[in-house]
Amino acid sequence: MERTLFEPEHELFRESYRKFLDQHVAPYHAQWEEQNIVDRSVWVEAGKQGFLGTAVPEEFGGGGVEDFRYNAVIAEETTRGGFSGIGFTLHNDVVAPYLVGLANDEQKKRWLPGFCSGELITAIAMTEPGTGSDLQGIKTRAVRDGDHWVLNGSKTFITNGINADLVVVVAQTDPDKGAQGFSLLVVERGMEGFERGRNLDKIGMKAQDTAELSFTDVRVPAENLLGEEGMGFIYLMQNLPQERLSIAVVAAAAMESALDMTIQYCRDRKAFGKPIGKFQNTRFVLAELATETTAVRVLIDRFIEMLNAKTLTVQEAAMAKWWSTEKQVELIDRCLQLHGGYGYMKEYPIAKAYLDSRVQTIYGGTTEIMKEIIGRGLNL
Ligand SMILES: Cc1cc2nc3c(=O)[nH]c(=O)nc-3n(C[C@H](O)[C@H](O)[C@H](O)COP(=O)(O)OP(=O)(O)OC[C@H]3O[C@@H](n4cnc5c(N)ncnc54)[C@H](O)[C@@H]3O)c2cc1C
């Protein structure tokens, strides 16, 4: 399908990002999958080439353009290459809006140059061992003590958790105030009492470090409070739509890529004396998958335009997230089936896509929670 979303400058950006992936990611990704983490040097190289912080103002070393199409290019190309270990989308799409939108001038000077150079890798820590979907159940607690917050609690499933230098931590600062009792604190590498637990052993996204974090009497300086005290939950609600659309962008690209590789496979693989693509069943399955991929693509491209125009609603972002990721998981499963036994072999990219995709309907808010959000908006 011809796409009308991008301008020539985005395509140039895509070309240079592809070169970066070819040169600095492709040769190492298998090794990173073995070690369950990417080398920090790839972040610094990405920073050098301008792929981190496109939306960060130029005075802090960023690209200075608030245009999610650049983020989409990075997500699409990273996904097409199968480079699921690269945590740039979490950094650019999820954490950047908190830092750019909420940090004061002093914090921006302190954090944004490193954010853009790749020297300060970021993470966001909402989920806890006891609570994920129910964010209001967060128990991590910060108590004010003079010019510090004393932070206690633990988080889990944190993307970039091992490599992260700055972690935006969601903490309860006033338990009596319910949803108005949460704040965002930026915890920095090396703060006493901030420990990393296991780099979690996942079924897919093997090169991505996803970790447990713990905070024991961490004295976080008051100047590391992000935005206003008590506003944490509102900030999350404001920023989660972009996070969800980012996941949906990955879903659309993953569908296109799985479909392409499967069509090629069905042309090449022979059974009963002819390519398996010649069987009517194969053609019908691929026809259905091509239709669904096109439908997801149209929706996501339109929603990217709406995000840029600041008109994408919380409900629409939830629609994009659940529908595209469910379609992605279903499509990849059906594509794997068309690969026969080879689809079950890890050396085939469809097998990797299968393992990498499964989490998409879970993180960033599960399918069920997305449907709750949409349902609530229907005033039933
Ligand atoms: C690889 C990976 C990376 C992640 N990265 C991050 C990160 O960087 N930062 C971060 O903070 N978190 C991260 N997460 C956590 C992720 O967002 C949560 O796992 C997710 O929100 C679900 O929470 P949970 O695991 O506690 O599941 P639960 O909330 O325990 O849900 C279990 C099941 O119950 C269902 N359920 C729960 N409530 C309802 C309801 N009201 N109605 C119907 N069904 C319901 C859920 O849909 C799900 O099917 C990551 C997770 C993974 C696996």
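Heavy atoms only: backbone and side chains are in, while hydrogens, waters and symmetry mates are out. For reference, positions follow the sequence shown, starting with 1. In this text, all values refer to a predicted model and were calculated from it rather than measured experimentally. Atoms within a ligand are numbered from 1 in the order they appear, just like the ligands themselves.
Distance remark: protein heavy atom not present below 4.0 angstrom from atom 30 (O) of ligand 1. For atom 35 (C) of ligand 1, no protein non-hydrogen atom is found at a distance below 4.0 Å. The nearest protein heavy atom to atom 7 (C) of ligand 1 is closer than 4.0 Å.
In the model, Asp93 has a side-chain atom that pairs as donor or acceptor with a side-chain atom of Asn71 under 3.5 Å. The closest side-chain donor-acceptor pair between Glu128 and Thr131, if any, does not fall under 3.5 angstrom.
Selection from Asp134, Ile158, Ile124, Thr127 by nearest heavy atom to atom 16 (C) of ligand 1 gives Thr127.
Under the 4.0 Å criterion applied to side-chain N and carboxylate O atoms, Glu288 and Arg334 are assigned as salt-bridge partners. A salt bridge does not link Lys371 to Glu368: none of the charged nitrogens lies less than 4.0 Å from a carboxylate oxygen. Taking the charged nitrogens against the carboxylate oxygens, Glu11 and Arg14 do have a contact shorter than 4.0 Å, which makes a salt bridge. Checked for salt-bridge contact, Glu33 and Lys352 meet the test: a charged N lies under 4.0 Å from a carboxylate O. Taking the charged nitrogens against the carboxylate oxygens, Glu76 and Arg3 do have a contact shorter than 4.0 Å, which makes a salt bridge. Under a 4.0 Å N-O distance rule, the pair Arg80/Glu77 qualifies as a salt bridge. Taking 4.0 Å as the cut-off between side-chain N and carboxylate O, Asp209 and Arg196 do not count as a salt-bridged pair.
Aromatic ring pairs are classed by plane angle as parallel below 30°, tilted from 30° to 60° and perpendicular above 60°; the pair Tyr265 and Tyr342 is tilted. Relative orientation of the Phe20 and Tyr17 rings is parallel, given thresholds of 30° and 60° on the angle between their planes.
When only non-hydrogen protein atoms are considered, atom 28 (P) of ligand 1 lies nearest to Ser133 OG, 3.6 Å. Summary of contacts: the protein heavy atom closest to atom 49 (O) of ligand 1 is Glu368 OE1, 3.6 Å. Scanning all protein heavy atoms for the shortest distance to atom 20 (C) of ligand 1 gives Ile362 O, 3.6 Å. Among all non-hydrogen protein atoms, the one lying nearest atom 2 (C) of ligand 1 is Tyr363 CD2, 3.6 Å.
Distance alone, capped at 3.5 Å, is enough to place a donor-acceptor pair between the Glu316 side chain and the Thr313 backbone.
In the vicinity of Ile369, heavy-atom distances shorter than 4.0 Å reach the ligand 1 atoms 38 (N), 39 (C), 40 (C), 41 (N). The Val359 neighbourhood of ligand 1 comprises atoms 1 (C), 52 (C), 53 (C), with distances under 4.0 Å to a heavy atom of that residue. Atom numbering of ligand 1 starts at 1 in the shown order; those under 4.0 Å from a heavy atom of Gly132 are 23 (O), 24 (P), 26 (O). Taking every heavy atom of Met126 and a limit of under 4.0 angstrom, the matching atoms of ligand 1 come to 10 (C), 11 (O). The contact set between ligand 1 and Thr159, taken as ligand atoms under 4.0 Å from a residue heavy atom, comprises 3 (C), 4 (C), 5 (N), 6 (C), 7 (C), 8 (O). Taking every heavy atom of Thr366 and a limit of under 4.0 angstrom, the matching atoms of ligand 1 come to 22 (C), 46 (C), 47 (O). When each atom of ligand 1 is checked for a heavy atom of Gly364 under 4.0 Å away, the hits are 17 (O). Using a 4.0 Å cut-off to heavy atoms of Lys202, the atoms of ligand 1 that qualify are 1 (C).
The shortest N/O to N/O separation between Phe157 and ligand 1 falls below 3.5 Å. Between Thr156 and ligand 1, no N or O atom pair is found at a separation short of 3.5 Å.
Residue-level proximity to ligand 1 for Met205 is absent, since no heavy atom of it falls below 4.0 angstrom.
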